[in-house]
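For reference, the structure discussed in these notes is given below.
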Amino acid sequence: MTRTLASTPAADGFAMPAEFAPHAGCWLLWPERPDNWRDAARPAQLAFAQVAGAIARFEPVTVGVSTAHYAAARALLPAAVRLVEMAHDDAWMRDVGPTCVAGPDGAVRGVHWHFNAWGGLEDGLYFPWDQDEQVAPKVLEIERLERYRAPLVLEGGALHVDGEGSALLTEECVLNADRNPRLKRREIEALLREYLGVTQLIWLGKGVFNDETGGHIDNLACFVRPGVVCLTWTDKRRDPQYRSSQDAWQRLRDARDARGRRLEVVRLPMPGPLKMTRQEADGVVRAEGTRPRRAGERLAASYVNFYIANRGIVMPLLDARTDRRAAAILKRAFPGRRVLGVPAREILLGGGNIHCITQQIPLARSDTGGTS
């Protein structure tokens, strides 16, 4: 087993690199549970396979899959994608996988957060989650990376950094009592600085409307590069998202990053609104301890939930009325990368999107291959 360190990343001079920094590769988990993914997860598996194949055009991809689904996953995934047997409760690698940090000498280590299925026994989306709790150390073991065990319930989708000392978060998620009820805000902030190696926390308020993760930042806003942030946006005043996006816009305009810069904000239009159909809801098996899916329920659709790969952007295709406009904005925001769209409604039906199902492993400075 890889070593668990008693110190913190900040104490050792480590910090989380930006997602737009070079990657050694990307990890996903295979969707399997019929009480979250419709029609025995088959449509979701096809979508995940497309995402894995798109990312594999830019960098190495590994997918964790249970023994029972190994053969089916191997048949669906491109040959270039590495497959490893790994028990897990659901397929949200961003949230259950490790958050990696890099040191001054270029070494990479992983942070293992505590995980409680986005809210614990009261507000969590499923129970049990013990296998998900072990995904991060398994990934780090396979990648042969040393581990920090953070004393904080947190998910990777709840944070986004610029690689220069700034982190984006939402109060709705990170300060929610269903994560760390015994910790005060200042204590959470101190732990975030220690385990992310950042100095400036930029707090937004609420996330995307009806986001079942409790308002993850990766569905609302992300760094494009230092000093530039993408924000989910709607001009429709009667849309329940309007007020939250307006508030986020104002906070970002008033903020300064770790280097004292004002932020430029790139607004990405929201698709939809999109809602779950009766057929989609009926395809999900109801099970005790799992959040039910209901027809007519608004989906937390957002184009901000894209993955930044080496030389590429893999974005969700969600609505023919807005897909092309969102892709054009992303092409302008990332001029050095190729933008690939992947049909992603099946991932959205499960409660997240492309960023939520992926987790990058940064490229160690001593490694060869892969560039930004």
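- Salt-bridge annotation for Glu133 and Arg149: present, with a side-chain N of the basic residue lying under 4.0 Å from a carboxylate O of the acidic one.
- The closest side-chain donor-acceptor pair between Ser66 and Glu32 falls under 3.5 angstrom.
- Side-chain polar atoms of Gln200 and Arg193 form no donor-acceptor pair below 3.5 angstrom.
- Gln131 and His88 share no donor-acceptor pair across their side chains, judged by distance under 3.5 Å alone.
- Environment of CZ in Arg298: crowded, with over 12 heavy atoms of neighbouring residues, nucleotides or ligands closer than 6.0 Å.
- A donor atom on one side chain and an acceptor atom on the other are found under 3.5 Å apart for Tyr303 and Asp323.
- Stacking of Arg251 on the aromatic ring of Trp203 is not recorded, the 6.0 Å distance cut-off and the 45° axial limit not both being met.
- More than 12 heavy atoms of other residues, nucleotides or ligands shown are found within 6.0 angstrom of CZ on Arg74.
- Between the side chain of Asn353 and the main chain of His355, no donor-acceptor pair closer than 3.5 Å is present.
- Of the possible polar contacts, one joining the Asn305 side chain to the Cys356 backbone as a donor-acceptor pair under 3.5 Å is found.
- For the residue pair Asn36 and Asp90, a side-chain donor N or O sits within less than 3.5 Å of a side-chain acceptor on the partner.
- Using a 3.5 Å distance cut-off with no hydrogens or angles, the side chains of Asp247 and Trp249 do not pair a donor with an acceptor.
- In this structure, a donor-acceptor pair under 3.5 Å is absent between the side chains of Ser166 and Asp257.
- At a cut-off of 3.5 Å, with distance as the only test, a side-chain donor of Tyr126 or Asp132 sits close to an acceptor on the other residue.
- Atom NZ of Lys138 sits in a crowded spot, with more than 12 heavy atoms from other residues, nucleotides or ligands closer than 6.0 Å.
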